[in-house]
Structure formats: C-alpha cells, structure tokens
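The structure appears right after this line, and notes come after that.
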Number of protein chains: 2
Amino acid sequence: MAEPAHNSRGAAQRYGARPTMKDVAARAGVGLKTVSRVVNGEPGVTPDTMQRVQSAIDALGFRRNDSARILRKGRTSSVGLVLEDLGDPFYSSLSRAVEEVARGYGSLLFTGSSDEDPEREQELTLAFCARRVDGLVIVPTSFDHRYLEPEIAAGIASVFVDRPAERIDADAVLTDNAGAVREGVAHLIGQGHRRIAFIGDQPRIHTASERLRGYRETMAAAGLPVDEAWVSMGSTAPERVHAELSRMLDDPQPVTALFSGNNRVTVAALRVLTASSRPVALVGFDDFELADLLSPAVTVVAQDPARLGRTATELLFNRLEGETGPPRRVELRGRLIVRGSGEIAF
Amino acid sequence: MAEPAHNSRGAAQRYGARPTMKDVAARAGVGLKTVSRVVNGEPGVTPDTMQRVQSAIDALGFRRNDSARILRKGRTSSVGLVLEDLGDPFYSSLSRAVEEVARGYGSLLFTGSSDEDPEREQELTLAFCARRVDGLVIVPTSFDHRYLEPEIAAGIASVFVDRPAERIDADAVLTDNAGAVREGVAHLIGQGHRRIAFIGDQPRIHTASERLRGYRETMAAAGLPVDEAWVSMGSTAPERVHAELSRMLDDPQPVTALFSGNNRVTVAALRVLTASSRPVALVGFDDFELADLLSPAVTVVAQDPARLGRTATELLFNRLEGETGPPRRVELRGRLIVRGSGEIAF
DNA sequence: CTGAAAGCGCTTACAG
DNA sequence: CTGAAAGCGCTTACAG
C-alpha cells in the first residue's frame, strides 16, 4: 500500500490536518482534561467553560480520534464477522442480524468473506484480532481453529455459527441439519418415492456431511437401499449440479425425487428439472425468495439465517458481559415448508 | 455498555492478559525496536536475534496491537461502507465487490446499514470517521451531506454509490436510472401498450425519482398521456404494492402493463399478477435470481451491483493514492434483459 | 470546577 | 546490527 502523501513542509498532509484535543484546549484556553470532559459529556464543567470549548471544537472541526481512545480504554466496541460470502443471500441475512444486535450494544461491525478458503478465514480472523475486536462471529471453513486459542485466552470472545469450531471447544449456534433433512426426506418417502437422489456441497463442509448423514439415516430407517449413483457431493457450481442430476435422470432406472443440499444446488437443479419431461419431486434445503412463485412452488426445509445470526451475537455479548461457564452449543430446528414440488407423488 | 471486568488485583482481566512488545523484548533480552523489526519483517536483524525474539513471541502468544500501530502511522487500512440494508441482495452483491477491492489494497471493511434513515446514516458514517477509516463508500439516504465536509477536508476520501451526494460535491458512481427506465418503458410501448403503470419507491429517494422521470419522459416522447392513477410512489412494503396494483387492475379502464421501480416492487407485484385473470405485461427494474424460471420469465432492466461497488471502490483507492482533480461522476448503463413478461402484447 | 503527569502499545527519527 | 527517547491522541488517576 502507498504511504500517505507528504507535502514539501514535511508534514503529513492527510492526517496532519486533523485537529486534536490539544489544539482545542489551546484555542479554548483550557486544559486537555477539560476538553476531554466536554467531548465525553462528563459532569463538572461550568456552562461557560463548556461553551468556550464547544466553540473551539466547532471552529476547528474537531472529531475525537477513537483509535486513540480505544488504545487507552481497552474495549474497541467492535465485532468481527467472518463468513463464506457476504454476497450470498443466506449469509447476508445472517450478517444483517449480527449487525442489528451489535448495534444494540453500541458496537461497529467488521465483515469479511472467507470464500470457503481456510487460509483466508484465518488471515481475516487474525486481522480482526490484531485490531482488537471485542468479539468474533465466525462461519468457519477451516478444519483446525487452534490458531484462535491465544486470542481467546487473551479475552477475545468468539461464537461459531452455522458450523461448529474444529479442534477447539467453543460456543456454537447451529441448525440441526441432520434432523431437518430427515424431515424432508421422510416427506418424500411419504409421497411414495423410493429412488431419491441427494446432491450436496463438498463433504468436508460440516453442514454438507451432516445433511448427507440425515439422508442416509432416513433411507435406512425406512428400509430403503441407497444406490451410490444417487448421491453426489462436491462443488455447487451449476455445471456440476447439471451434469450430476442429468446423469441421474437419464439412468435406465432414474431417480424420481431429489433432495438438494442447499439453496445453490436447488437453484441449479431447478433449471434442469424445468427442462425435464418427467416430473421429479424436489425438496430443497434452505428457503429462498420466490420459491412460492415457481411452478410447481418449491417445498423446502428452511433454516432461519437471521435467527442464527441474532442468537450467535446475543451469545457473544453475553460472554462479553461476563457470562462464564462452559462453551454452549445451541441447535435451532429446521422447518418443512410444503409448497408443491415435494408433493409430486411417485 | 458494560466496562470490562476487573479482578481483585485491580488489573483489567480481559486486556491486561495481553502481552505487548515490551514483554516480548524483556523475555528475549533485546530492545523494543528490535522486536518491532522482527514483527514487521524489517531487515537488519541477526538470524540469531530474530530467532530469540520469535521464540518469545510464540511463547507469550504475542500479536501486534494494530490499534496502537494505527495511532502512530496515520493510515488505518480500513474502509467504511454505509448502505441501506446489508440483507438486501442488491446491496449484498455490491458489498461483496467493495470487500474484494478493499482486500486487494490491504484494507479491512466496516459495514453498516442505514435502513433508509438519514440520522442513522450520519451516525454510522461519523462513527467510521471517528475510527479514522481511510475512506468511505456510501449509498446515501440523507438530503444533506455537509456534515461530511470537515471529514473530507481532514482527508477521509469518500465515494457515493448508487445515489449522488446532496449539497456537497463528491465522487459518485451511479446507474443511468432515467435512461435505463426509458429503454424498459419504450419496450412496453413497442408491444402496443398505452396504459402503463409505474410503481416506485419513495420519491425522496434519488433513484426512485430519476426512474419516475424516465417513465414520464418516455410516455411524453411517445405522445401518450399519463393518468396519475397509474403512478404510485411510496413504501415498497408488499401490502402497499398489492393495494396499489390491485386498484389499477380493478379500474374500469385497467392498466395493461406495469413498470416496477425496483426489485422489491417487482417481487410484490409478481404475487398480484400471478393471481390475476388477465395477462399484464411487466418489466422490472433490477435483475433478480430465478427471474428466468418464473412463468412467464421476467423481463428486467438490470443494473450491475457488483460493478457499481467495484467501480466506486477503485475510485476511492485512486483518491487515497493521491489522485486529485475535481469530483467525478461515473454513470453505468442499465441493460434490458428480454425474458417474456415484457413481451406480453396488448 | 480544573489541569498536569503518566501511560495505553506501538513507530519514528536518531544515535551508537 | 541494535536500542533509548520521544510522540501518536487520547484516558486514568490524582492533586489542587
């Protein structure tokens, strides 16, 4: 990064311009501490003095430098949020909820996307720690969070959300993924389906493998065999989903229903199913906008991203306010929303 | 907010625990400056000394406090993003693009939602300024940005995006809203429509009034009268859109086409149109996921939120790297995407 | 009611 | 190659 420009007088142009409390004190003819009192609304200043200080503040365009304040005070009143992709609707709802709660506690929010890259997650998280955020809300992507141990020991609160921490014991707020999938798959079985496909995200992602587990358990409980050709885990890129689903549909013994492992898979699958001649039942994991307007409308197992974010952030601030006790794990239930696509009977 | 807990020894529990460079120096038996050199990878340290310092760092779990560093250096390597709603897909795409560019310049991102409340915009923006962000990217909602003048004078770069600044001269990256609407409305006229409705956001929002202007200009240019009953500006809450559109459709002389002023209006309108017995043409402002899967698929005038964010942030960093010159205004073109709903002829 | 001194944890500018 | 002193802009603890 470029350094700030300096002018010929050798003073930093950009930041040297900024008046400080010392400048205000000099102009108002008072001590530094008096300015500090006025700026922070502390009592014990004559109305007359206060007036003089305020005039100096206005004249100079002074604004307190919170970086300096933070250094002295300890608390930064900021929270870091690390997630997979700020641009994804699921995470943006979650983010907004985190923001609202943090705001209620007077905290500002740093956000960053890990892009499902463990190294990037770590880099971001530690950068937030270096800024001394009071706490972290993390949608983790890495397999080892021991890198956070010194930070946590030093007092940075952290709550994991959507997925649990790996190799450390930490607060986590999750959806009961396996349970939610069980409900969705059982629903398909209830409609008479026997050959049910499952297309999910990369198996190394905790939620993805949990959801797969829910699928397998439900099939097994119903005494239905699972042909491994019906199961596909990997990238949620549309091309891959298209290819896999097409393969399953073109089989001489095609699947008659699909459970899709997240909203990206659902959207990609919809494009294939719309083009398909044979009706195929679909239940998707995660709700999405307009699901009710498609034909057929899409049956989903919905998570509540805002609630995940809100719950996690409340937990974070409880910790910051001194709540001790062992790490907590909160599980939220998914909710089956019946709309049509999941009720296409076999 | 609660103050950090203090223990009975009177030391700050949370932050007192944190080792500093001084602690590292003491443990390694070197001077403070040597630690600083090692931490920052500066040259001129014996491998042996470096080794000793590194051991001390690891043993103590030291991480440089960037708040302190920032105070001394001037630059904070952070950017503040203020927008309407982090949870809205349009803005979350924009945010992600801002994040990517900022990351490329080594900057962290503060984000905050104004919720279309001018006071909240100002509060957030000035809070970011107090943290001494290097620059601001703002989707403005207030009618007067003179509150930013001292900050800008003091060197905080700022770029407005999606909507221009009011009452100050500042860099802005916008979509040519009126132009894009003209294209969409002309398209409807081309399909034979004469009674075309326009439902938009609150008229005090710049983009909303610009889009309305585009509608009126196109109708006028085509020599078509506009019945004021066809025009409705206000909240984009689904209930209001439902009521207004229903009113227009139930009229003895109903509208035969609708231009919807943004994605929230489009979504709300779709629910009404789906239930309508008579086919009504629709062109929406802003593209949205799955628009192509609805029946009919939805014709839109698309903006590129990621490009808006990227362009604005690039401009911001150009300024931070010393580009002077008068405020710039960049206008991006909208793009008509023909999918079906806009081609329902009269 | 008011203010001078010390210190938060770093970097800068300088000297050895 | 190494380090002591001063300072970034505030707040804290204390004295008057």
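Sequence lines set the chain letters: A, B, ... in the order given, protein chains first and strands last, and positions in each chain run from 1. Please read these numbers as outputs of a predicted model, since none were measured by experiment.
The phosphate of dC10(D) (OP1 or OP2) has no side-chain N or O of Ser36(A) nearer than 4.0 angstrom. A sub-4.0 Å separation between OP1 or OP2 of dC1(C) and a side-chain N or O of Thr49(A) is absent. For the OP1/OP2 pair of dT11(D) and a distance below 4.0 Å, the side-chain nitrogens and oxygens of Arg69(A) include at least one atom meeting the criterion. Under 4.0 angstrom from either OP1 or OP2 of dG3(D) there lies at least one side-chain N or O belonging to Thr34(B). Using a 4.0 Å cut-off, no side-chain N or O of Asn65(A) falls inside it from OP1 or OP2 of dC8(D).
Taking atom CG of residue Asp48(B) and atom C1' of nucleotide dC1(D), one finds them 12 Å apart after rounding to whole Å. Rounded to whole Å, the distance from CG on Leu71(B) to P on dC10(D) is 9 Å. For the pair Lys22(B) NZ and dG9(C) P, the interatomic distance rounds to 9 Å; values are reported in whole Å. In this structure, Asp66(B) atom CG and dC8(D) atom C1' are separated by 15 Å, rounded to whole Å. For Arg18(A) and dG7(D), the CZ to P distance is 22 Å, given to the nearest whole Å. Note: CZ (Arg75(B)) to P (dC10(C)) measures 22 Å, nearest angstrom. Counting to the nearest Å, the P atom of dG9(D) and the CZ atom of Arg132(B) are 9 Å from each other. Atom pair Arg37(A):CZ and dT11(D):C1' shows a separation of 11 Å (rounding to whole Å applied).
Taking every heavy atom of both residues into account, Val137(B) and Thr313(B) meet most closely at CG2-OG1, 4.2 Å. Listed here is the closest heavy atom pair of Pro19(A) and Leu60(A): CG-O, 3.3 Å. Scanning both residues, Phe143(A) and Glu166(A), for their nearest heavy atoms gives O-CB, 3.2 Å.
Distance from the side chain of Phe62(B) is smallest to dC10(C) among dG3(D), dC10(C), dT12(D). Nearest to the side chain of Thr46(B), among dG9(C), dA6(C), dC1(D), sits dC1(D). When each of dG9(C), dG3(C), dT11(D) is scored by its nearest atom to the side-chain atoms of Arg72(A), the top-ranked nucleotide is dT11(D). Taking the side chain of Lys73(A) as heavy atoms from C-beta on, and the options dT11(D), dT2(C), dT11(C), the nearest nucleotide is dT11(D).
Under the 30°/60° scheme for interplanar angles, the aromatic rings of Phe160(B) and His145(B) are found to stand perpendicular.
Counting heavy atoms from C-beta on, the side chains of Val98(B) and Thr111(B) never come closer than 4.5 Å. Looking only at side-chain heavy atoms (C-beta outward), Glu151(B) and Leu126(B) come within less than 4.5 Å of each other. Put simply, the side chain of Arg131(A) reaches to within 4.5 Å of the side chain of Ile70(B), judged on heavy atoms.
Contact annotation for Arg64(B): backbone-only contact, meaning every heavy-atom pair under 4.0 Å involves sugar-phosphate atoms and none involves a base. Backbone-only engagement by Val30(B) is indicated by non-hydrogen atom pairs under 4.0 Å involving sugar-phosphate atoms exclusively. Backbone-only contact: Asn40(B) has heavy atoms under 4.0 Å from sugar-phosphate atoms and none from a base.
Each of Lys33(A) and Thr20(A) was matched to the nucleotide of DNA chain D holding its nearest heavy atom; the match closer to the 5' end belongs to Thr20(A).
Helical stems of DNA chain D (runs of at least 3 Watson-Crick or G-U pairs, donor-acceptor distances under 3.5 Å) are listed by first residue: C:1-3 with D:14-16, C:5-12 with D:5-12, C:14-16 with D:1-3.
Open room surrounds CZ on Arg307(A); 12 or fewer heavy atoms of other groups in view lie less than 6.0 Å from it.
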